[in-house]
Structure formats: C-alpha cells, structure tokens
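A short worksheet on the structure shown next.
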There are 2 protein chains.
Amino acid sequence: MTTGAADETDHQRIAAVLAARGEDACHVREVLDRIGDKWSIAVVHKLADSPRRFSELRRDIPGISQRMLTAALRGLERDGFVDRTVHAAVPPRVDYALTPLGRDLLDSTWPLMNWVLGHTDDIRAARREYDAR
Amino acid sequence: MTTGAADETDHQRIAAVLAARGEDACHVREVLDRIGDKWSIAVVHKLADSPRRFSELRRDIPGISQRMLTAALRGLERDGFVDRTVHAAVPPRVDYALTPLGRDLLDSTWPLMNWVLGHTDDIRAARREYDAR
DNA sequence: CTGGATCCCACTTGATACTG
DNA sequence: CAGTATCAAGTGGGATCCAG
C-alpha cells in the first residue's frame with residue numbers, strides 16, 4: 001500500500017502534532033478507553049444505517065445484556081456520538097441515532113475495519129504457526 | 001470529509017463483504033480483542049520508527065510494568081505483528097521490531113488516531129454538557 | 001538485562017429480579 | 001417497552017520476588 005518511507009513520513013507528521021500539544025503518542029488509548037469496551041463499537045455499527053429502538057438493538061446484537069446495552073448507549077450519548085430521543089407514548093418508545101460526530105467516528109473506524117477484513121487470514125496463520133512452536 | 005451519501009455507500013459495501021463471508025458486522029471486535037488492551041497500541045507505536053530493546057520500551061512507555069510489557073509483546077508476536085530477535089550475548093539483548101503486517105496495522109490505526117486528534121475537544125465539550133445536566 | 005511465577009485487588013461483565 | 005438495582009463471577013493488571 002505505502003512504502004516504508006511514506007510510512008515514516010506519516011508517523012513523524014503525527015508525532016510532530018502530538019509533540020506540539022505536549023501529549024504522548026499513545027493517544028489512541030483515549031479512543032480505546034471510550035469505545036474499546038466490549039459493545040460500543042457494535043452499537044455504533046448497528047446505528048450506521050438508521051436510528052434504532054432499544055429493543056431492536058438488543059435483538060440485533062447477539063449476546064448483549066440490557067444492562068450492557070444501556071451502559072454502552074449512555075457512554076456514547078455522553079461523548080456526543082449518539083442522540084437519544086424519547087417519544088411520549090404508551091408503550092414507551094426511545095430512538096437512538098448517530099450524531100454527526102458519531103458518524104464521523106464510524107467513518108474513521110472503517111480503515112481499521114477494512115484492514116481486519118483483509119488480514120484475518122494472515123493473523124490466524126501467524127497464530128497457528130506461533131502456537132505450533 | 002465525506003458526504004452522508006458516501007458514508008452510506010462505504011458502510012453498505014463493507015456490510016456486503018461481511019455478509020458474503022457469513023460474518024457479523026461487529027467484526028472490529030476481533031482487532032480490539034487483539035490490540036484493544038491497555039498497552040499493545042502503545043508498544044506498536046513505539047516500534048514505529050525503529051526496533052527497540054525490552055528495556056527501552058519499558059523506559060519509554062510510562063507506567064507499564066514488565067509483566068504487562070512482556071504480555072503485550074507476546075501477544076503481538078503471536079499475531080505476527082512483531083518480530084523478536086535474541087542476540088546471544090552477555091548481558092542478554094533482545095530486539096523487537098514491527099513486521100510488515102505490524103506496520104500495516106500501524107498504518108490502519110492512523111485515521112483513527114488523526115480523528116481523535118481532531119475531535120478531542122468536541123468530545124470533551126459533549127461530556128461537560130452531558131455531565132452538567 | 002530479560003523475563004517467569006505468584007499473589008491479590010479492582011473493575012468489568014453477566015444473570016436475575018424489579019419498576020415506571 | 002425501556003430501563004434500574006443488586007449480586008455473583010471472571011478477568012485484567014499491578015506489585016513483588018525469583019531466575020537464566
């Protein structure tokens with residue numbers, strides 16, 4: 001994809017930005033601390049196409065408990081990634097939708113997503129080889 | 001960066017790829033399970049410029065314990081992201097370097113990295129507003 | 001210098017029961 | 001339907017001591 005030289009450039013450019021801010025390069029942790037938990041990413045991806053109701057999400061994300069779904073949604077809402085809309089009705093109805101910021105975050109996960117798609121086999125092979133030793 | 005229409009396209013393209021594989025969209029978790037722990041990303045970024053010794057990494061990553069550094073390096077080695085080279089010498093010397101696969105992974109984290117850089121303020125603002133309610 | 005082995009705590013997650 | 005409250009269980013990670 002890119003040459004070693006190009007990689008170097010990218011990295012050093014980012015390192016320079018970080019240095020200028022007086023921050024450490026391990027800044028990615030900030031995202032991971034935020035969306036690196038077990039379910040947040042799944043929720044964000046489920047909201048990619050359209051807003052969803054609580055029970056829709058619960059149904060569409062296999063294995064999630066309502067407790068964890070609530071926690072994930074609250075966290076995403078707090079960080080400004082998700083909008084929560086309560087419809088005054090009986091039975092109650094709540095819709096969750098991605099904010100522009102949330103959609104932006106989703107965009108930025110795609111390269112990583114794509115990468116996994118393209119390299120899962122490589123990783124599995126590396127693991128098999130390592131474990132066989 | 002991209003329009004809403006483009007986002008839709010991207011997402012649906014990826015969703016199609018995933019569907020064709022019979023896999024779930026929450027596939028990003030595979031990466032996060034791998035490098036989403038507290039230190040792996042930091043290690044990968046420290047190895048960006050050049051190979052490093054164990055003690056160099058330990059010194060350059062503030063707060064990491066040798067136990068966690070070992071664990072992170074083992075995991076990265078197992079997945080084929082890092083190469084471990086033992087130099088027969090006294091005192092012992094071990095170098096760690098990114099493999100092509102590891103460098104590729106590093107590349108794919110940059111968009112996310114960049115995104116955090118550009119939106120930390122937005123997120124902090126969103127949090128303050130949420131917490132103030 | 002580069003780790004391996006243990007102990008232990010804190011936090012995350014899951015299961016279950018209950019409510020507006 | 002959309003949560004909250006509580007409790008049990010599992011796990012990640014730090015501290016410490018030891019070894020090649």
Side-chain angles (χ1 to χ4, degrees), chain A residues 24 26 28-44 46-47 50-79 82-97 130-131 133, chain B residues 24 26 28-44 46-47 50-79 82-97 130-131 133:
Chain A
D24 189 80
C26 322
V28 223
R29 279 249 44 92
E30 285 221 5
V31 215
L32 295 184
D33 286 341
R34 215 173 321 270
I35 56 152
D37 63 275
K38 197 172 176 183
W39 302 108
S40 292
I41 285 273
V43 172
V44 170
K46 284 301 176 191
L47 293 176
S50 65
R52 305 271 173 164
R53 306 182 52 173
F54 187 89
S55 46
E56 283 183 294
L57 292 169
R58 182 149 159 56
R59 201 173 31 241
D60 289 353
I61 303 175
I64 198 172
S65 66
Q66 98 286 52
R67 176 165 140 55
M68 283 302 101
L69 179 54
T70 302
L73 287 168
R74 287 294 172 278
L76 294 170
E77 191 193 354
R78 181 165 116 96
D79 289 335
V82 159
D83 252 348
R84 180 172 181 269
T85 311
V86 182
H87 302 276
V90 178
R93 175 195 178 103
V94 180
D95 280 326
Y96 292 93
Y130 184 95
D131 292 342
R133 293 183 332 189
Chain B
D24 189 81
C26 322
V28 223
R29 279 249 45 90
E30 284 220 5
V31 215
L32 296 184
D33 286 341
R34 217 175 319 270
I35 55 149
D37 63 273
K38 197 172 177 184
W39 302 106
S40 292
I41 285 274
V43 172
V44 170
K46 283 300 177 192
L47 293 176
S50 64
R52 305 271 172 163
R53 305 183 52 174
F54 186 88
S55 45
E56 282 182 294
L57 292 169
R58 182 148 159 56
R59 201 176 27 243
D60 289 352
I61 304 176
I64 197 172
S65 66
Q66 105 284 51
R67 173 164 135 63
M68 285 301 101
L69 179 54
T70 303
L73 287 168
R74 287 295 171 277
L76 293 170
E77 191 193 354
R78 182 165 113 97
D79 289 335
V82 161
D83 251 350
R84 180 171 181 270
T85 311
V86 182
H87 302 276
V90 177
R93 176 196 175 104
V94 181
D95 280 326
Y96 293 92
Y130 183 95
D131 292 343
R133 291 184 332 191

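Quantities reported herein were computed from a predicted structural model and do not represent experimental measurements. Each chain gets a letter, A, B and so on, in the order the sequences are listed, and its residues count up from 1.
Note: CG (B:L73) to P (C:dC1) measures 16 Å, nearest angstrom. Atom CG in B:D37 sits roughly 16 Å away from atom C1' in C:dC11 (whole-Å rounding). At whole-Å resolution of the value, CD in B:Q66 and C1' in C:dA5 are 11 Å apart. One interatomic measurement links the two molecules: CD1 of A:I64 to P of C:dG14, which rounds to 8 Å at whole-angstrom precision. Atom CG in B:D33 sits about 14 Å away from atom C1' in C:dT12, given to the nearest Å. Rounded to whole angstrom, the span from the CZ atom of B:F54 across to the P atom of C:dC1 amounts to 11 Å. Counting to the nearest Å, the P atom of C:dG3 and the CZ atom of B:R93 are 12 Å from each other.
Atoms CG and OH, from B:L73 and B:Y96 in turn, are 5.0 Å apart once rounded to the nearest 0.5 Å. Rounding to the nearest 0.5 Å places CZ of B:R59 at 8.5 Å from CZ of B:R53.
For the salt bridge (charged side-chain N to carboxylate O under 4.0 Å, His left out) criterion with B:R52, the lone passing option out of B:D60, B:D95, B:D83 is B:D60.
Between A:K46 and A:L57, the shortest heavy-atom distance links the atoms CB-CD2, 3.8 Å.
Between C:dG3, D:dT4, C:dG14, one nucleotide has an atom nearer to the side chain of A:R74 than all others, and that is D:dT4. When distances run from any side-chain atom of A:W39 to the nucleotides C:dG14, D:dG3, D:dA2, the shortest one goes to C:dG14.
Comparing A:P92 and A:K38, the nucleotide of DNA chain C nearest to each residue sits closer to the 5' end for A:K38. Each of B:T70 and A:G36 was assigned the nucleotide of DNA chain C with the nearest heavy atom; the assignment lying further toward the 5' end belongs to B:T70.
A 4.5 Å side-chain heavy-atom check between A:F54 and A:T70 finds at least one atom pair inside the cut-off.
Between D:dC1 and A:R52, no contact under 4.0 Å exists linking OP1 or OP2 to a side-chain N or O. In terms of phosphate contacts, A:Y96 brings no side-chain nitrogen or oxygen within less than 4.0 Å of OP1 or OP2 of D:dC1.
One donor-acceptor pair, N or O on each side, does fall under 3.5 Å between the base of D:dG13 and the side chain of B:R67.
Among the atoms of the strands shown, none is found under 4.0 Å from any heavy atom of A:R58.
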